[in-house]
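Below is one structure, written out as structure tokens, with a few remarks after it.
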Amino acid sequence: MRDIRKNWLLYLMFLPVAVYFIFFAYVPMAGIVMAFESYTRQGGMFLSEWVGFDNFHYFFASGKAWLVTRNTMVYNVMFLGCYTVFSIVAAVFLSEITRKMFKKISQTLMFLPYFISWVTVSAFVYNFLNYEYGIVNKLLHYMGLEAIDIYSNTSYWYFLLPFLYVWKWVGYGSILYLAAIVGIDQEIYEAATIDGASRFQRITRITLPLLKPTMIILILLGLGRIMRGEFDMFYQLIGNNGLLMDATDIIDTLAFRSLMGSADFGMASSVGVYQSVLTLIIILAANWLVRRYDKEQALF
Amino acid sequence: MQSNKKRIWSMLALSAVLGFSLTACSSNNNNASEASDSAGSSTPAASGSAPAASESASADTGIDHSKEVKLVGYLLGEAPKGMSEVMAALNEKLKKDINATLEINYIGWGDVASKYPLILAAGEDVDFVYAADWNYYVQESNKGSYLELTQDMFQKYMPKYYAKQDASAYKAAEIGGKQYMIPTTTPDRKVNVMVLRKDVMEKAGLTNPTKMSELEPYFETIKNDYPGMIPLNLDSQYDLTTPFGNLVSEKFAYPGAPTDSGDPASVGVYTDNEDATGKILSITDEPVQSSYKYAADLMKKWYDAGYVNKNPYSNKVRSKDNFCEGKSGVAFGNSNDIQATLASCKDKGIDTYVIPVLSPSGHAPANSWLNNGIAIAASSKNPERAMEALDLLMQDESYVMIDYYGIEGKNYVVTADNKLALPDGVTSSDNTYPPDAAGFWFVDKDFLKPSVDWTDSYVELYNKIPDYLSQITYLGFTFNSEQNKTEIANLKNVSTQYFMPLAIGAVKDVDSSLGTLADKMKAAGVDKVKTEVEKQAAAFLAAKG
């Protein structure tokens with residue numbers, strides 16, 4: 001109580017966030033019951049018939065549960081890794097640039113893809129890569145090379161998907177890290193310069209180690225999304241293309257494809273619950289690992 | 001000191017950004033449950049309106065119009081440019097006749113599967129929606145999204161409709177003994193068609209093609225002599241499985257879509273439309289198996305030869321919509337919706353040739369009552385007034401002319417010999433309200449008129465349609481998939497992954513792909529679905545007598 005009186009301003013600042021989470025994260029959690037019901041309009045959320053785990057059945061009976069779970073995890077780990085590395089590299093580069101004009105322009109250009117929706121991106125990609133009149137194949141044609149059929153060959157997408165993900169998100173990520181770099185005490189750099197440290201040494205010995213706490217927090221937050229496939233991206237880029245499906249099907253697209261049309265809320269929520277439970281396990285495990293090695297850095 | 005201050009500011013900035021990202025993930029996580037939450041909360045309103053409806057029906061016979069109401073309806077497709085003028089004209093009449101005004105919203109073709117159930121589930125501000133057996137009528141009825149309609153309601157609020165409608169239509173619309181839909185009084189008389197260009201046909205030396213498999217020289221000519229035109233330029237929704245289906249139709253009376261889903265891009269349980277005993281077939285039964293192999297072999301040959309666009313999954317433009325621009329060699333559609341294509345080709349000076357898609361015996365299935373219709377949303381606050389409005393929109397000639405053809409003198413004129421024509425100075429490509437385009441497909445089509453624009457080949461086809469149509473064994477049968485939700489969900493998925501590539505010919509080996517498809521369907525539980533379809537089909541046939 002005394003704590004509240006003493007730090008009332010901080011508590012006041014926290015209040016909107018608390019309200020937001022109570023209403024948009026905790027209250028809707030009651031909706032989990034729908035995953036165990038055969039939902040009807042008359043019954044509504046709480047009075048529909050209780051069917052236990054029936055709604056989960058289709059997901060595991062599809063024979064693809066393991067495949068899509070693995071795909072979701074592998075892609076997201078890949079995305080998170082690329083995103084973290086490229087964001088840090090970009091942030092370090094940006095912080096070392098002294099020409100203000102150039103810095104602002106490059107930062108803006110990097111940030112721009114963040115605002116483009118995947119729908120638009122998929123249209124770009126289609127016009128670049130499609131077999132009949134895509135720009136890439138036109139170029140190959142002028143150079144006298146064979147056209148490549150990207151939309152029916154999985155191997156290209158293992159590279160294309162992370163590439164597009166990084167292209168879209170790196171501007172956003174670099175800002176987070178740049179903010180952390182700006183926060184590093186300039187005196188440390190000055191002292192290092194006087195001691196004769198090269199620019200490269202300053203980066204590896206000062207900037208990167210001091211970025212570690214930020215990095216750990218961001219990675220832990222990123223892990224919270226690890227079972228949520230980037231639905232927009234996969235659905236817009238790949239869509240219903242059966243030829244690519246074994247390589248690019250994630251939990252979200254599988255559920256969408258199976259249930260689109262029947263729009264059964266119970267069955268759809270069952271997938272959400274499945275993802276949430278796995279996510280919870282992963283976050284707890286990751287946090288436990290961080291705690292073991294460095295108690296200070298753990299989230300909780 | 002200076003740097004300290006700076007650090008505080010940057011930490012604040014960082015925490016603000018982190019806060020953003022935190023909230024961003026959490027809101028993502030809860031999207032699904034939020035949507036369902038709002039669905040749950042609107043339920044009381046829905047159940048409240050049903051008793052109100054029956055109450056007022058029993059109270060007195062005169063209908064009270066003293067309170068002005070605004071009705072909101074959802075149709076499929078896109079609003080034509082001239083929609084606002086048409087709405088103004090309709091509202092003026094409606095206001096006078098039943099003291100109501102109307103607002104029509106559209107669900108775009110690409111979003112139907114996701115948006116249609118959501119609009120009904122959210123239940124806000126929707127009085128009537130387009131309904132059809134191919135558009136989730138059974139599923140949504142099972143979920144209780146529509147208001148149950150009784151004979152009394154039709155008699156009282158839709159007198160014109162009630163006078164015209166055939167008694168069997170009410171029977172056909174019943175799901176579990178209850179009717180939820182207002183089926184059209186005039187089931188469509190249409191057949192699926194393919195449209196070719198006469199100039200290409202001449203070059204290819206093709207005189208009177210009657211079916212898909214004869215078109216190979218046509219495709220070859222396009223490939224060689226028409227750069228920029230793709231012989232089969234398929235879109236992701238309608239066209240994708242159409243050539244395949246047309247090829248299968250050459251072998252037996254293929255329903256175009258399996259009985260269990262009504263979705264042409266899906267797989268599962270079939271029947272031969274012209275088999276009077278109505279035997280239910282699976283993909284490994286004859287004639288399905290050999291016909292699928294025949295169609296898949298040809299499609300693969302064409303795909304490998306470059307006659308089919310490589311990635312129809314990403315293409316959202318239907319072949320009939322870029323046919324006249326010279327981008328696709330064949331336009332796919334049905335004898336109703338192809339009219340606009342034919343007219344716009346005529347404007348551009350392209351001669352067209354229309355081929356109906358028929359079964360080996362030369363027939364096409366007649367459409368069921370449920371092919372076009374409208375339903376009242378369970379959450380509608382004014383179901384009575386909505387029905388009255390629909391009675392006028394569907395069955396009153398003065399209304400039908402407006403909602404189907406637009407404003408007289410601006411979108412159409414009627415010639416001396418009672419044909420439909422465009423006013424002077426208007427061409428079919430700049431008509432702001434083209435016929436049939438506004439989604440009012442459930443109106444009484446006996447009011448419609450032939451058009452002066454019709455080409456000779458279309459008129460010939462149009463006159464022959466009644467001869468083509470045959471009453472199929474399962475006309476009006478709708479499969480209730482309530483018991484097989486799990487299997488259907490997985491079959492849909494199998495269909496996308498293993499059937500669709502086969503249908504466009506993009507597989508390495510047809511035989512092994514067909515084998516894989518059959519295996520995967522078995523694993524997804526197709527046999528269980530088949531048993532259930534057989535049970536319901538037998539009951540349907542028994543009731544039919």
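In what follows, chains are A, B, ... by sequence order, proteins preceding strands, each numbered from 1. Keep in mind that the numbers below use all heavy atoms, side chains included, and drop hydrogens, waters and symmetry copies.
Ranked by heavy-atom pairs under 4.5 Å with chain A, the first of B:K520, B:K310, B:M500 is B:K310. The choice from A:D149, A:V271, A:L244, A:I150 that makes the most heavy-atom pairs within less than 4.5 Å of chain B is A:D149.
Atom CG of B:N309 sits about 9.0 Å away from atom CG of A:N130, to the nearest 0.5 Å. How far CZ of A:F256 is from OG1 of B:T496: 10.5 Å, rounded to the nearest 0.5 Å. Atom CG in A:N241 sits 7.5 Å away from atom CD1 in B:I504 (nearest 0.5 Å).
Nearest approach of A:L254 to B:N493, heavy atoms of both residues: CD1-ND2, 2.7 Å.
By the 6.0 Å contact criterion, CZ on A:F111 is enclosed, its count of non-hydrogen atoms from other residues, nucleotides or ligands being greater than 12. More than 12 heavy atoms of other residues, nucleotides or ligands sit less than 6.0 Å from atom CZ of A:F60.
Interface remark: B:I230 contributes side-chain atoms only to the contact with chain A (heavy atom separation under 4.5 Å). Looking at B:Y116, there are no atoms closer than 4.5 Å to chain A (heavy atoms on both sides), in backbone or side chain. For a residue to count as touching a neighbouring chain, one of its non-hydrogen atoms must lie under 4.5 Å from one of that chain's; by this rule A:N55 does not touch chain B.
Side-chain contact between A:K64 and B:N490: absent, with no pair of heavy atoms (C-beta onward) separated by less than 4.5 Å.
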Let me see the working for A:D246 and B:Q497 under side chain to side chain donor-acceptor pair (under 3.5 Å), right down to the final yes or no. CA-CA 8 Å; A:D246 273 335; B:Q497 185 167 2; 2.9 Å; yes
